[in-house]
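Structure first, commentary second.
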Amino acid sequence: MMNSARDRAAVVLLSGGLDSTTVLAVASREGFRVHALTVWYGQRHEQELIAARNVAASWGVAAHRVVELDLRTFGGSALTDEAIEVPRDELPSRPGVPITYVPARNTILLSLALAWAEVIPATDIFIGVNALDYSGYPDCRPEFIAAFEHVARLGTRAGSEGAMQIRVRAPLIDLTKREIIRLGASLGVDYSQTMSCYAPNAAGEACGRCDACQLRLRGFADAGITDPARYASTAPLEPETAR
C-alpha cells in the first residue's frame, strides 16, 4: 500500500477531532502527501480549529487550508444555532437523527475537498466518518460515501475526461471507537492535541457531557487507554462488554 500511494497527493478533511486526526495518520502511513482541509462552518466548538492547526503542524502536512463557510445562516442544528441546546449527559440513541446533525455538512465538506483535489491534483479524499460508534448522522453511512464518490467521478473534469478517478476514502467507517483509538495509538497519534467536544469552555476544556464527549470517553475506557483530553467535568464511564 505504501508503494502505491507514494508521491501521490491526498486531501484529508481535518476537523481537529479524534477521528479526523486518526484518518490523517492513516493517510500519512500510506505514504500520501497530505493536504489537510479544515472548515469553520459556524460551529460552537471553535476550539477544533486550534486543534486542527496543532495536528497539521505536528504531522508536517504538505499544506493546510482553513476555509470559512458560515452555516449559521441556515441553522437547524445544535452546533450552528444558539437557540438550540446541545444535549448533555446522555449517549445518542438510535433510531432518529439527533439535533447535533448539521444539515448537509459532509456533502458540503466533501465538495470543498473535491474542489481542492481537482486543483492539486489529488487522487484520494479522506474523511473520518464512522457508521458504528457515531451519533446517527445519515451522512456517515457507507451508502453516502459511495454515492458521493460516484458524484465526484461524474461531476469533475478529471473524471469526465478519464484523466483521474478520485477515490473517497473512509478508513474508519466500520470500526468501533475503541478500535479507532487503538489504531491511532499504534500510529503515534497524540490525542491530547485533539478536540471532540461540541461545547468546550473558553479555557479549551471539553464539557465531558455532550454525546461527542460521551462517545470519546467510552471509547477510551473500552480501549483501556487514558483519555489525555482536558475536561471541565466528567462522569466516570465503565468499559462496555467487549464487542
Side-chain angles (χ1 to χ4, degrees), residues 1-2 12-30 32 34 36 38 43 45 47-61 86-94 98 100 126-137 140 169-201 203-243:
M1 193 107 182
M2 291 276 293
V12 176
L13 283 164
L14 177 65
S15 70
L18 183 154
D19 293 339
S20 69
T21 300
T22 304
V23 164
L24 188 151
V26 170
S28 297
R29 177 193 64 180
E30 293 187 11
F32 285 99
V34 172
T38 301
Q43 64 267 47
H45 43 310
Q47 291 288 340
E48 275 192 337
L49 299 183
I50 298 171
R53 290 189 176 99
N54 291 338
V55 168
S58 68
W59 280 88
V61 300
V86 173
R88 298 177 188 272
D89 300 322
E90 59 184 37
L91 284 169
S93 59
R94 309 177 209 229
T100 51
F126 285 80
I127 184 171
V129 295
N130 175 261
L132 294 180
D133 287 345
Y134 76 123
S135 294
Y137 302 151
C140 287
R169 306 279 302 281
L172 311 184
I173 196 82
D174 58 355
L175 301 184
T176 65
K177 193 67 74 178
R178 174 186 62 193
E179 291 168 333
I180 292 168
I181 291 166
R182 287 180 174 171
L183 171 61
S186 74
L187 296 174
V189 171
D190 179 2
Y191 284 120
S192 71
Q193 294 182 324
T194 65
M195 168 59 68
S196 302
C197 182
Y198 287 152
N201 62 24
E205 296 172 322
C207 73
R209 298 171 59 194
C210 67
D211 62 3
C213 282
Q214 292 288 298
L215 285 170
R216 176 179 173 128
L217 285 163
R218 176 70 71 194
F220 273 97
D222 288 349
I225 298 173
T226 299
D227 185 355
R230 295 185 299 123
Y231 288 92
S233 170
T234 57
L237 289 179
E238 295 297 326
E240 290 183 328
T241 303
R243 282 166 283 197

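Not measured: the values here are computed from a predicted model. What you see below is based on every heavy atom in this structure, not just the backbone, and it leaves out hydrogens, waters and symmetry mates.
Closest approach of Y191 and G184 over heavy atoms only: OH-CA, 3.1 Å. Annotation for F126 and E30: closest pair CZ-OE1, 4.0 Å, computed over non-hydrogen atoms. Taking every heavy atom of both residues into account, Y231 and C213 meet most closely at CE2-SG, 3.9 Å. In plain terms, the two heavy atoms of C210 and V86 that are nearest each other are CB-CG1, 3.8 Å. Among all heavy-atom pairs drawn from R178 and D222, the shortest one is CD-O, 3.3 Å. A51 and G16 get closest at one heavy-atom pair: CB-O, 3.5 Å.
For the atom pair CG (L14) and OG1 (T38), the distance works out to 4.5 Å, reported to the nearest 0.5 Å. Distance CG/D19 to SG/C140: 9.0 Å, rounded to 0.5 Å.
Side chain of Q214 to backbone of G208: a donor-acceptor contact under 3.5 angstrom is found. N130 places no side-chain N or O within donor-acceptor distance of the main-chain N or O of K177, the cut-off being under 3.5 Å.
Salt bridge annotation for D227-R216: present, with a cationic side-chain nitrogen under 4.0 angstrom from a carboxylate oxygen. The pair D211-R88 fails the salt-bridge criterion, with no side-chain N (NZ, NE, NH1 or NH2) lying under 4.0 Å from an Asp/Glu carboxylate O.
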Step-by-step side chain to side chain contact (heavy atoms under 4.5 Å, CB included) determination, R169 to F32:
CA-CA 13 Å; R169 306 279 302 281; F32 285 99; 3.9 Å; yes
Test log, rule side chain to side chain contact (heavy atoms under 4.5 Å, CB included), inputs L183 and R29:
CA-CA 12 Å; L183 171 61; R29 177 193 64 180; 4.2 Å; yes
Which is it for V129 and I173 under the side chain to side chain contact (heavy atoms under 4.5 Å, CB included) test, yes or no, and what are the steps along the way?
CA-CA 6 Å; V129 295; I173 196 82; 3.6 Å; yes
Any chance you could lay out the side chain to side chain contact (heavy atoms under 4.5 Å, CB included) test for V189 and L18, step after step, and finish with the verdict?
CA-CA 9 Å; V189 171; L18 183 154; over 6 Å; no
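In this model, no donor atom of one side chain and acceptor atom of the other lie less than 3.5 Å apart for Q193 and T21.
At least one side-chain heavy atom of P98 sits under 4.5 Å from a side-chain heavy atom of Y137. Contact check for R53 versus L49: side-chain heavy atoms found under the 4.5 Å cut-off. Using a 4.5 Å heavy-atom cutoff, the side chains of W59 and V34 are not in contact. Counting only heavy atoms from C-beta outward, the side chains of P171 and V23 approach each other to under 4.5 Å.
Annotation: side-chain hydrogen bond (donor to acceptor under 3.5 Å, both in side chains) contacts of D174 (sequence neighbours excluded): none. Contacts of S15 classified as side chain to side chain contact (heavy atoms under 4.5 Å, CB included), with partners at least two apart in sequence or in another chain: S20, E48. I50 meets the side chain to side chain contact (heavy atoms under 4.5 Å, CB included) test with Q47, N54; sequence neighbours excluded.
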